[in-house]
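Numbered from 1 within each chain, the chains take letters A, B, ... in sequence-line order. Side-chain atoms are counted along with the backbone in the values below, which use heavy atoms only and exclude waters and symmetry mates.
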Amino acid sequence: MKTESCFVDEAVEMLLNLRKAVPLVHCLTNDVVVNYVANCLLAIGAAPAMIPDKNEAAQFAAVAGALLVNVGTITEPQAEAMRAAVESANNAGRPWVLDPVAVGVLSLRTSLANELKMKKPSLIRGNASEIIALAGMEATGRGVDSTASMDAAHDAAVSLARETGATVLATGPVDIVVTEGRQTVRISNGTPMMTRVTGVGCAQGAIGAALVSVSADTHSAGVATALLMAVAGDIALENAVRPGSFQIALLDALDALDENEIRQRAKISL
Amino acid sequence: MKTESCFVDEAVEMLLNLRKAVPLVHCLTNDVVVNYVANCLLAIGAAPAMIPDKNEAAQFAAVAGALLVNVGTITEPQAEAMRAAVESANNAGRPWVLDPVAVGVLSLRTSLANELKMKKPSLIRGNASEIIALAGMEATGRGVDSTASMDAAHDAAVSLARETGATVLATGPVDIVVTEGRQTVRISNGTPMMTRVTGVGCAQGAIGAALVSVSADTHSAGVATALLMAVAGDIALENAVRPGSFQIALLDALDALDENEIRQRAKISL
Amino acid sequence: MKTESCFVDEAVEMLLNLRKAVPLVHCLTNDVVVNYVANCLLAIGAAPAMIPDKNEAAQFAAVAGALLVNVGTITEPQAEAMRAAVESANNAGRPWVLDPVAVGVLSLRTSLANELKMKKPSLIRGNASEIIALAGMEATGRGVDSTASMDAAHDAAVSLARETGATVLATGPVDIVVTEGRQTVRISNGTPMMTRVTGVGCAQGAIGAALVSVSADTHSAGVATALLMAVAGDIALENAVRPGSFQIALLDALDALDENEIRQRAKISL
C-alpha cells in the first residue's frame, strides 16, 4: 500500500514531466469555459488545442498527447465529433478523459456520456451529482452544482470505476479518487471559491488529460489532478478573496505551482 | 405612486432573495460573452447554465428559475433552440428575458427577435438603438454600439412595452425602465467604462433573468436590473481605470454589492 | 526607402486614426479566443462584432470597416459563412485579414485557408509554422505552437506575399512583415509571455483588421499590427509576470498605448 507522501511525490514528478513534455491536449469542451480551460492548461505548462470539426477532431486525436471530452454544452454535431475523436484516440493508443457535466436529467448528454463511458476513458471527472448519475444511481443534480453527499459519491465512484475500468475523480469539499483494485484517496485541499468561477472543474478535467498523457498510472494521475488544482486554489485564495480576482489568481497559481508549494500544502488521506 | 427609495428598497430585497434562492438561470446567449455572463451570474449569487441543444434547452427551460435569450451570435440551430426553450418556459410558467443584440439591419436576428417579442417575455433589455429597432422605429444602430438619443429610446420603450406587455429596459448614459401603466424610472449610475468591456450589457440581461425569477413584479425587477449592474460599475471604477482590470473589478463588485453600497450610491429619478 | 522611424510614425498615426474612427471589425474567429479578441479590440479603441450566420455575415461584411477570418476552430457551417463574408467584403471594397491557425495537417482548415488566401486578403498573419504551411512549404507545425525557424518563415512569407498579393506578417521571437516589392521589416518587441495566454496572436490578427480599415498602405499596417501588439506586451510585462495577470495587463496596455510609449519602445529593423 502506498503512503500519502508517495502520492505527493508522484504528483510532483508528474508536474515536472508535464512541463518538460508540454503535452498537446485536445479539448472537446463546452463553450462557456473553453477560453479558461485553454488558459489553465497554458498556465500549468501544457499546450491546449480545440478542434471541433468531426474529421479534424479525429485527425488531431491521433496525434495529441491526450483528449478531453466535456459534454457541458453538447450539440449533435459536437457529439459526432466526440465519437470520432474517442475512436481515433483509442485506435492510436492515446489516453482520454470524460467530464460528464450536468449528466442525469438532460437527454442528449446523458445518453452520450453513458455511451462514451464504455469506450475506455482513462479518467472520469465530475462532481458528486454527476458521478452518481453516470453510475446509474439516483440523480439529485441541480445543473452543475453538486449537492449530493460525498458518501453517495464514493459508492457511485466505486461502482463506476468497476464498470468502466477508469479512474474516477469525484469532486466536492473533499475530492475522492477511486480505481478498481486500488486505495481510495481523499484530497481535502481547495476552497469553495473555486465554485464561484465558471470552468474550474472543467479546467481540472483538462489538466487530468495533460497528466494521463505523462503518466501510465491513471490512479496516481487522478490523485495528481485533484491535488494540483486544489493546491492552486489554496494559493490563489491567499491572493484574492472575490471571484473576479480569484479567477485570475488561480491562473497565476497554476503557473506558480512547484514542488515546495505542493509538499507543504498537500492534504491527502487514505 | 412609488418613491425613488421604494424602488431602492425593492432592489435590495431582490438581491438578498436572489442570494438566498441561488436561481438557476438558463442562458441561450452569444458566443462572445458566454463566459463573462456566467461569471457575472456567479459573482452576484445566481447559478448559470447554458444548454444549447434544442431538446435539452426545452427540458431545461421547464426547470430553470428563468431563461435568457440573447441573439448576439444567432445561428439557425440556435434560433430553433430558442424557440423551443421559450415555448417550454412559457408552458411551465417560468419567466424569460429577451436581449435583442444588434437587431435592426441583420436579417436572422431581426426576424427572430420580432417573433419572440410577442411570446410574453417578462423583460426586454437593449441599448437605445436596439430598443428603437425592436419597436419598429427607425433603426440607427451601428452594431452593438448605441448612438441613438435616449429621448427616442424612451418613446420606443413605451411603444414596445405596450405592444408586448413586457417591462422594457433601455440602457445608455441614463437607463430607462418602462412598463405599461407604471411610472417610467431613470437610473443614472454607471460609467462609460462599462462599454469598453464586451458582455457587460449581456450580463445585465442575465442578471435581469435572475431577478425576474425571484420577483413577480417585473417593473421593479427591471429597475433592480439596471440599478445593481450600474452601481457595481461605479464600485468597479473606483478600483480600476483601464478596461482589463475593470472587467475583473466588475465581477468583484457584483460579489461585493450589499445593502449599504446600493443605498448610498443609487441615483434613481422618476 | 523608408527609415525605421518612418514606420514608427505611421504606426502612431494609424493608432490615432483608429481611435478617431472606431472601426467596426467583423470577426469570424475561433471559439476559444472570441471574448479576448473582442476585449483587445475594445481596449485599443476599435469596435468588435462577431456575426456567425452565413447570411448575416455577408450582410455585415459589406458595412463593417474590415473583416477578420481566423480558422482556429473551423467547422463546415463556419467555413460557409467565411466564404460568404469574404465575397461580400471584396464586392464592397472592404479589406480583410486571414489568420491561418494551425494550418498544415488538419484537412478542413488547410483546404479552406488555401482557397481563401487567393481571395485577396489585405493581410495574412500567422506564426512561422503556419506561414510556412500556407506557402506550401514543408509544414513542421505542432498545433498552434510554432517551432519553425524564422529564416524558413521569411522565405515562406516572401513566397506567400508574391503568390497572394497580401502583406504577410509572420510572428515569432522576431516578427517579420513582407510585402512584394517592399522592404522586409523586423519587429523585435514582445515577450514569450504572450504565448502563455491563449488568443494574443488571434487578437493581433483582429487589430490588423482594424488597422487595414484605417490605412490603405497594407505594408505599413502590417508593421503597425506587429509593433502595437508587441509594445503592449512589453508594457504588460512590467506590470505582470504570471499568465493570469498578464492576460489582464495586456488589455490595460492596449488601452494605455500612446505616441510616447510607441516611440520609446519600438525596436524595428530593416
Atom pair NZ (C:Lys54) and OG1 (B:Thr75), whose distance is rounded to the nearest 0.5 Å | 14.0 Å
On a heavy-atom basis, the closest approach of B:Val105 and C:Gln59 is O-OE1, 4.0 Å
Under 4.5 Å from any heavy atom of chain B - which part of C:Ala57 | neither
Give the intermediate values and the outcome of side-chain contact (heavy atoms from CB on, under 4.5 Å) for residues C:Asn55 and B:Leu108.
-> CA-CA 8 Å; C:Asn55 293 326; B:Leu108 179 58; over 6 Å; no
Donor-acceptor contact present, side-chain B:Arg242 to main-chain C:Leu251, <3.5 Å | no
C:Glu56 side chain to B:Ser107 side chain, donor-acceptor N/O pair below 3.5 angstrom | no
Is C:Asp53 salt-bridged to B:Arg109, cutoff N-O under 4.0 Å?
-> no
Identify which part of B:Gln78 has an atom lying under 4.5 Å from any heavy atom of chain C, answering side chain, backbone, both or neither.
-> neither
More than 12 heavy atoms of other groups within 6.0 Å of B:Glu115 CD | yes
Side chain, backbone, both or neither: which part of B:Ile74 has a heavy atom under 4.5 Å from chain C?
-> both
For residues B:Ile248 and C:Ile248, determine if any side-chain heavy atom of one lies less than 4.5 Å from a side-chain heavy atom of the other.
-> yes
Just checking, any donor-acceptor pair under 3.5 angstrom between side chains of C:Asp252 and B:Ser245?
-> yes
Over 12 non-hydrogen atoms of neighbours within 6.0 angstrom of CD in B:Glu80 | yes
Show your reasoning for whether side-chain contact (heavy atoms from CB on, under 4.5 Å) applies to C:Asn35 and B:Thr198.
-> CA-CA 7 Å; C:Asn35 180 269; B:Thr198 194; 3.5 Å; yes
Hey, are the side chains of C:Leu42 and B:Val197 touching, using non-hydrogen atoms and a 4.5 Å cut-off?
-> no
Among all residues two or more places apart in sequence or in another chain, which pass the salt bridge (charged side-chain N to carboxylate O under 4.0 Å, His left out) test with C:Asp31?
-> none
Decide yes or no on side-chain contact (heavy atoms from CB on, under 4.5 Å) for B:Arg196 and C:Asp255, but give the supporting numbers first.
-> CA-CA 10 Å; B:Arg196 300 285 310 282; C:Asp255 180 52; 2.9 Å; yes
